[in-house]
> 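I have a structure I would like to understand better, so I am pasting it below and will then ask my questions one at a time.
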Number of protein chains: 2
Amino acid sequence: MNQHQRSPGSGFQPNRALVLGGGGPAVASWTAGWWVQIAAQADSSPGCGTSPEPDGWSAFDWHHRRMADPRPVVRSAPTLESVASVAGVSRATAGRVLSGASNVTERTREAVLRAADELGYVTNRAARALMTQRSGLIAFVVAEPEERFFNDPHFSLALRGAHAAVAKLDVQLVFSIVHLDADRRKFERFARAGHLDGAILASLHGDHPLPRALQAAGIPVILMGRPLVPVAGVSYVSSDNVGGGRLAAARLADGGRTRLATITGPRDMTAALDRESGFLGELAVRGRSGLVVEGDFSMESGRAAMTELLATRPDIDGVFAASDLMALGAFQAITDAGRSIPEDVAVVGFDDSPLAATVRPGLTTIRQPVVDMGATLAQRLLRTIEDGTVLDPVLIPAELVARESA
Amino acid sequence: MNQHQRSPGSGFQPNRALVLGGGGPAVASWTAGWWVQIAAQADSSPGCGTSPEPDGWSAFDWHHRRMADPRPVVRSAPTLESVASVAGVSRATAGRVLSGASNVTERTREAVLRAADELGYVTNRAARALMTQRSGLIAFVVAEPEERFFNDPHFSLALRGAHAAVAKLDVQLVFSIVHLDADRRKFERFARAGHLDGAILASLHGDHPLPRALQAAGIPVILMGRPLVPVAGVSYVSSDNVGGGRLAAARLADGGRTRLATITGPRDMTAALDRESGFLGELAVRGRSGLVVEGDFSMESGRAAMTELLATRPDIDGVFAASDLMALGAFQAITDAGRSIPEDVAVVGFDDSPLAATVRPGLTTIRQPVVDMGATLAQRLLRTIEDGTVLDPVLIPAELVARESA
DNA sequence: CGGCGCCATGAGAGCGCTCTCACGATCGAG
DNA sequence: CTCGATCGTGAGAGCGCTCTCATGGCGCCG
């Protein structure tokens with residue numbers, strides 16, 4: 001269906017990755033402010049024309065190589081010691097000032113700060129971590145196949161919220177996708193070895209072992225979405241999926257639609273189950289019922305489910321898709337079947353993803369404030385890290401965003 | 001335009017975040033495998049009903065609090081020392097085995113490995129980092145406002161590629177958005193303090209100071225996209241934007257379109273400039289010319305630009321938008337103007353983002369293999385970190401993906 | 001059989017920091 | 001003026017690891 005045609009390159013060169021000459025010396029030998037590295041064995045192999053391989057190091061080799069590396073690395077980052085000597089005080093006192101302790105004369109305080117500023121001193125995190133058992137690192141972990149994460153704006157929006165919440169603090173976000181069991185074990189090792197201060201876990205299917213494992217390793221955890229099986233001591237932040245499902249049902253019913261259906265998410269996630277039960281529950285309250293087809297939150301599954309629905313019940317006139325992506329898939333199926341939205345079939349989605357507003361007709365959907373959720377997750381996790389308090393789970397209200405599709 | 005309507009909550013409660021009782025003890029006091037934390041002052045404040053604030057800690061406070069925290073943290077993670085004693089060897093020998101050095105008898109080797117396995121030993125990264133000056137951390141930095149990052153799939157796809165490339169190694173990705181100057185300084189501090197091993201910088205506008213700053217701090221850097229101003233010792237990976245622009249022009253011209261225009265990206269980025277010059281260059285070769293309107297890669301700017309173009313030259317029949325998002329914006333403007341795609345106006349985008357295939361009509365676009373680029377960036381950065389070699393910049397060919405819109 | 005070299009191992013010195021403890025100076029109370 | 005409390009400061013002990021250097025055992029050559 002799609003024709004592909006290779007680009008000729010700027011100068012119409014042959015069909016492969018181009019390597020540009022120049023643009024910087026091939027051998028590094030630069031000098032830094034307070035750090036000097038000297039590239040020893042040049043090996044400025046000019047080629048590497050095709051995709052450069054990471055020549056299959058294992059994690060093991062990576063460190064091994066470093067050890068074997070004869071390159072002289074001159075350390076010269078300013079240390080607390082040097083700050084102290086410049087300021088004419090002891091290391092202890094300098095440390096006191098820099099970590100904000102009281103019990104310091106204003107005079108010495110100023111002297112130390114001036115010295116630190118002058119030297120461009122920055123606390124060495126490794127050393128600090130070694131003492132404090134705190135790394136200043138929080139992980140944002142997604143337990144989905146990579147494609148899913150990146151196709152669904154949902155996760156990256158949550159990541160954004162978490163990043164924003166953490167941005168002001170001296171905490172950094174480590175990003176990880178943990179899909180396979182091997183990934184998970186690798187991540188667990190990292191968490192334990194890296195003194196990861198805590199982790200936000202998003203999109204856990206079924207009874208995923210990760211929360212329990214991290215918990216057991218003494219690492220505070222918070223979940224995005226209610227877990228299928230509760231884990232003691234692990235809190236979560238979820239949107240009000242049941243309420244959202246209800247809103248969707250009400251919207252369709254109030255709009256006069258009578259032959260209704262829902263395309264659910266994967267049944268091993270509470271988000272899917274709750275949206276479904278909210279939808280069906282609200283219909284039941286109104287003395288109605290609806291068809292149910294299972295999807296997996298992806299656009300393709302939405303299209304397939306809708307196609308199936310249209311085949312089963314050609315007179316269907318209202319659909320609630322448990323994600324916007326599935327709703328858009330449904331859009332395609334409906335259009336392909338020659339029907340129109342919303343005249344023939346009304347569609348309600350879930351998420352209010354950026355796409356919802358841009359498609360035509362605009363997608364009526366249930367908004368869950370994902371960015372806020374991400375921020376809330378980070379904030380509460382920090383709280384738990386700080387003093388061990390495990391806050392109660394939070395349910396964030398969903399709201400209907402009415403556009404043209406229903 | 002959009003009506004909003006609040007969700008009633010599962011139980012039709014009032015209009016605010018709901019706090020659930022239960023779901024885990026409010027006070028943490030759990031015991032870990034080899035790590036015990038005891039939550040001292042309970043303060044299980046049940047409220048936090050609205051959006052919980054991070055009660056304004058500075059980076060400073062965060063660590064200060066920790067210091068002031070009287071909570072007894074019993075360290076009991078197995079150390080190299082304990083592994084050694086279990087295996088009946090010295091710490092040095094245990095270390096040798098665990099870091100893969102040779103010069104160890106098979107017998108002792110096995111003994112150490114068994115002991116390590118038994119104790120669930122994991123190398124303490126802080127301690128290792130302190131010695132090796134290597135953190136095992138690589139940053140993926142985006143120098144854009146947050147919205148941009150998250151609205152444009154481009155970046156997250158690159159992040160995905162980088163993550164994939166790094167996943168096998170014992171290296172973790174630190175994710176950061178650096179937009180404001182304050183962000184940048186904070187990040188620089190982190191980089192220097194955290195012994196960040198290297199950084200991938202994406203989407204730099206103009207002559208951004210970050211690469212130079214990191215470079216000066218001795219931290220290897222690689223750029224996604226050619227920088228406007230070259231930085232000595234800093235390599236990059238870019239798609240062949242000029243070639244891509246040419247392909248777009250050729251496609252439109254070959255399709256018989258004669259009244260052409262391009263919607264460019266922001267002129268402070270080479271990606272935008274190169275696509276534009278490729279497009280105009282190819283037209284020039286064919287003895288033609290085209291209108292130019294500047295956008296900023298976002299959908300909204302594409303819509304605005306297209307609206308402007310249609311007003312200026314109502315008879316326009318072919319447009320090259322320098323990003324898919326802008327192309328979709330153009331779609332809207334064209335449709336809103338009552339014209340049809342591709343009959344009245346043909347549109348070519350750039351990126352082949354996931355959206356391109358799903359819109360109707362399908363968007364003809366220039367594919368740049370962003371995921372691969374992300375991976376390549378990570379691989380080359382690792383190479384530089386490893387031995388100081390700065391590889392030559394790489395240009396990755398773009399290719400035309402033909403769909404219905406042109 | 002003495003001596004040389006090689007090799008596996010252990011002892012120990014830090015990496016840069018935090019934090020405890022001891023010490024001298026200052027101060028108010030008796 | 002003396003005594004204990006208070007306070008700012010310095011000395012120093014590690015955190016857990018890597019890596020250098022010394023050591024002692026063994027094989028090999030002369």
Side-chain angles (χ1 to χ4, degrees), chain A residues 34 63-70 72-85 87-109 111-112 116 119 121-136 192-195, chain B residues 34 63-70 72-85 87-109 111-112 116 119 121-136 192-195:
Chain A
W34 31 262
H63 283 284
H64 181 43
R65 288 209 175 197
R66 195 269 158 210
M67 286 172 48
D69 186 358
V73 174
V74 180
R75 318 172 179 244
S76 44
T79 70
L80 192 52
E81 190 72 50
S82 57
V83 171
S85 86
V89 298
S90 72
R91 191 178 64 246
T93 302
R96 260 187 285 264
V97 172
L98 261 20
S99 56
S102 45
N103 299 348
V104 185
T105 314
E106 193 54 33
R107 255 183 57 109
T108 54
R109 181 185 172 71
V112 170
L119 295 175
Y121 173 78
V122 181
T123 305
N124 180 312
R125 293 176 86 99
R128 167 180 283 172
L130 195 54
M131 274 305 290
T132 60
Q133 307 288 328
R134 277 276 184 93
S135 63
R192 291 167 51 199
H195 290 287
Chain B
W34 32 261
H63 282 284
H64 181 44
R65 287 207 177 200
R66 195 271 159 210
M67 287 173 49
D69 186 359
V73 174
V74 181
R75 319 172 178 244
S76 45
T79 69
L80 192 53
E81 188 73 52
S82 57
V83 170
S85 87
V89 298
S90 72
R91 191 178 66 244
T93 302
R96 259 187 285 262
V97 171
L98 263 20
S99 55
S102 47
N103 300 349
V104 184
T105 314
E106 193 55 32
R107 255 182 57 107
T108 53
R109 182 186 171 72
V112 169
L119 294 175
Y121 172 79
V122 181
T123 305
N124 181 313
R125 291 176 85 100
R128 167 179 284 171
L130 196 54
M131 274 304 291
T132 60
Q133 306 289 326
R134 277 278 182 95
S135 64
R192 290 168 50 198
H195 289 287

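What you see below is based on every heavy atom in this structure, not just the backbone, and it leaves out hydrogens, waters and symmetry mates.
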> Taking all non-hydrogen atoms of both residues into account, name the closest pair between B:L80 and B:Y121 and its distance.
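The answer is N-CE1, 3.4 Å.
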> So if I take every side-chain heavy atom of A:V104 and compare against D:dC17, D:dT9, D:dG12, which nucleotide ends up nearest?
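Nearest listed nucleotide: D:dT9.
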> Could you tell me how far apart B:R125 (CZ) and C:dG16 (C1') are, to the nearest whole angstrom?
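In whole Å, C:dG16 C1' lies 19 Å from B:R125 CZ.
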> Between C:dC17 atom P and A:L130 atom CG, what is the distance in whole Å?
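Going from CG in A:L130 over to P in C:dC17 covers 12 Å.
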> So, the side chain of A:S90 versus the backbone of A:T93: is there a donor-acceptor pair under 3.5 Å, distance only?
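It does hold such a pair.
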> Figure out the CZ/C1' separation between B:R128 and D:dC15, and round it to whole Å.
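Taking atom C1' of D:dC15 as the reference, CZ of B:R128 is at 16 Å.
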> Go through the structure and list residues passing side chain to side chain donor-acceptor pair (under 3.5 Å) with A:R91, not counting sequence neighbours.
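Listed in chain order: A:E81.
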> Looking only at heavy atoms, which two atoms of A:A87 and A:V112 are closest? And how far apart?
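Distance-wise, the nearest heavy atoms are CB-CA, 3.8 Å.
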> Minimum heavy-atom separation for B:A193 and A:V122, please, with both atom names.
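Nearest heavy atoms, B:A193 then A:V122: CB-CG1, 2.9 Å.
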> Just how far, in rounded Å, is C1' of D:dA13 from CE of A:M131?
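It works out to 9 Å between those atoms.
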> Tell me the interatomic distance from A:N124, atom CG, to D:dC17, atom C1', rounded to whole angstroms.
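From A:N124 CG to D:dC17 C1': 14 Å.
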> Verify the contact: side-chain N or O of A:T105 to OP1 or OP2 of D:dT9, cut-off strictly under 4.0 Å; return yes or no.
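The answer is yes; a side-chain N or O of A:T105 sits under 4.0 Å from OP1 or OP2.
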> Does C:dG16 have OP1 or OP2 under 4.0 Å away from a side-chain N or O of A:T79?
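A:T79 to C:dG16 OP1/OP2: no side-chain N or O under 4.0 Å.
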> Report yes if at least one side-chain N or O of A:T93 is closer than 4.0 Å to OP1 or OP2 of D:dT9; otherwise report no.
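Answer no for this pair, as no side-chain N or O of A:T93 is under 4.0 Å from OP1 or OP2.
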> Would you mind telling me which of C:dT20, C:dC17, D:dC17 lies closest to the side-chain atoms of A:R96?
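Selected nucleotide: C:dT20.
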> Would you mind reading off the distance between A:E106 atom CD and D:dG8 atom P, rounded to a whole angstrom?
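The answer, rounded to whole Å, is 11 Å.
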> If you check every side-chain atom of B:A92, which of C:dC17, D:dT18, D:dC19 has the closest atom?
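Looking only at side-chain atoms, B:A92 lies closest to D:dC19.
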> So which atom in B:V104 and which in B:R109 form the shortest heavy-atom distance, rounded to 0.1 Å?
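That would be CG1-N, 3.9 Å.
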> What residues form a side chain to side chain donor-acceptor pair (under 3.5 Å) with A:T79, not counting sequence neighbours?
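Testing A:T79 for side chain to side chain donor-acceptor pair (under 3.5 Å), a comparison that skips the adjacent residues, returns none.
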> Grab the CZ-P distance between A:R91 and D:dC15 for me, whole Å please.
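Computing the A:R91:CZ to D:dC15:P distance gives 15 Å.
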> Look at A:T108 and D:dT9 and indicate whether a side-chain polar atom (N or O) is within less than 4.0 Å of OP1 or OP2.
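Yes.
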> Select from A:G88 and B:L80 the residue whose nearest nucleotide in DNA chain D is closer to the 5' end of that strand.
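Looking at DNA chain D, the more 5' nearest nucleotide goes with A:G88.
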> Select from A:E81 and B:V89 the residue whose nearest nucleotide in DNA chain C is closer to the 5' end of that strand.
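Between the two, 5'-proximity favours B:V89.
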> Using five pairs at each end of the helix from C:dC1-D:dG30 to C:dG30-D:dC1 to define an axis, what is the angle between those two axes, to 10°?
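Taking the rotation axis at each end, their angle is 50°.
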> In whole Å, I'd like the distance from the OH atom of B:Y121 to the C1' atom of D:dG16.
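Roughly 7 Å, once rounded to whole Å.
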